[in-house]
Amino acid sequence: GAVVSQHPSWVICKSGTSVKIECRSLDFQATTMFWYRQFPKQSLMLMATSNEGSKATYEQGVEKDKFLINHASLTLSTLTVTSAHPEDSSFYICSAILAGALGTQYFGPGTRLTVL
Amino acid sequence: GIQVEQSPPDLILQEGANSTLRCNFSDSVNNLQWFHQNPWGQLINLFYIPSGTKQNGRLSATTVATERYSLLYISSSQTTDSGVYFCAVDPTGNTPLVFGKGTRLSVIA
């Protein structure tokens with residue numbers, strides 16, 4: 001149980017376009033999901049906290065108008081990278097916490113974004 | 001915020017050898033997890049271990065919460081153990097995980 005999926009697993013786009021990444025909890029409900037970004041050979045850095053039915057909370061230095069997060073249901077959060085540029089190329093990973101529970105966070109397989 | 005330090009940063013092992021990876025954290029935690037990130041980037045959850053000792057096959061982990069550290073033991077290492085091992089902590093149990101910088105393990109045949 002406790003599976004988190006991400007779609008797409010990889011995407012290549014042209015500079016200036018927008019890309020949407022989906023994060024789904026497949027067999028549980030998640031009131032809270034987190035979005036992380038990982039550059040090559042570095043650790044995961046939190047971008048934002050996504051709460052179902054409310055606005056996301058962004059970490060310092062993360063542009064909320066560039067990285068749009070929507071958590072429309074208890075099983076789906078989306079991250080849209082708007083007007084992507086080459087420096088946005090990275091590995092984006094989401095995680096989810098089982099609703100009503102404390103403890104283990106479950107991670108998606110990640111989405112590799114390359115902006116040309 | 002809470003700080004997480006992992007050591008060593010890099011480790012090269014001969015196949016069959018044992019190793020210990022360490023994670024120090026600067027404040028009390030409600031959640032501590034060890035992950036293995038495979039070459040495709042997937043984070044594999046190894047242990048959820050805010051305290052105590054757990055074992056899973058050739059892997060085991062111990063967290064001494066009062067002294068703010070955790071250890072991951074890998075015994076009889078195999079080439080498939082190669083990758084990056086991350087320790088991550090959450091002070092409250094319902095907030096984002098804070099990751100250490102990881103230990104990059106290479107197991108050679």
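Chain naming here is simple, since letters A, B, ... match the order of the sequence lines and numbering starts at 1 in each.
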Is [X] in contact with chain B via its backbone, its side chain, both, or neither, using a 4.5 Å heavy-atom distance?
X      : result
A:L44  : both
A:F107 : both
A:Q38  : side chain

Heavy-atom donor-acceptor pair, A:Y36 side chain to B:P96 backbone, under 3.5 Å: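 Not a single qualifying donor-acceptor pair exists.
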
Does the pair B:Q37 and A:I93 meet the rule for a side-chain contact (heavy atoms from CB on, under 4.5 Å), with working shown? CA-CA 12 Å; B:Q37 188 170 39; A:I93 309 175; 4.2 Å; yes

Can [Y] be reached from [X] by stepping across I, L, V, M, F, W or Y side chains whose heavy atoms are under 4.5 Å apart?
X     : Y     : result
B:V4  : B:L46 : yes
A:I97 : B:V89 : no
B:F99 : A:L46 : yes

Atom pair OG/CD of A:S43 and B:Q6 - distance to nearest 0.5 Å: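 So the OG of A:S43 and the CD of B:Q6 are separated by 7.5 Å.
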
Nearest 0.5 Å please: distance from the OH atom of A:Y106 over to the OH atom of B:Y48.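 Answer for the OH-OH pair, A:Y106 versus B:Y48, is 9.5 Å.
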
Heavy atoms of other groups near [X] [atom1], more than 12 under 6.0 Å:
X      : atom1 : value
A:H85  : NE2   : yes
B:I12  : CD1   : no
B:K101 : NZ    : no
A:E59  : CD    : yes

Using a cut-off of under 4.5 Å on heavy-atom pairs, state which of A:M45, A:K41, A:Q42 scores highest against chain B.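 The residue among A:M45, A:K41, A:Q42 with the greatest pair count is A:K41.
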
Out of B:V84, B:T95, B:N45, B:V98, return the one with the most heavy atom pairs under 4.5 angstrom to chain A.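 Most pairs with chain A among the choices: B:T95.
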
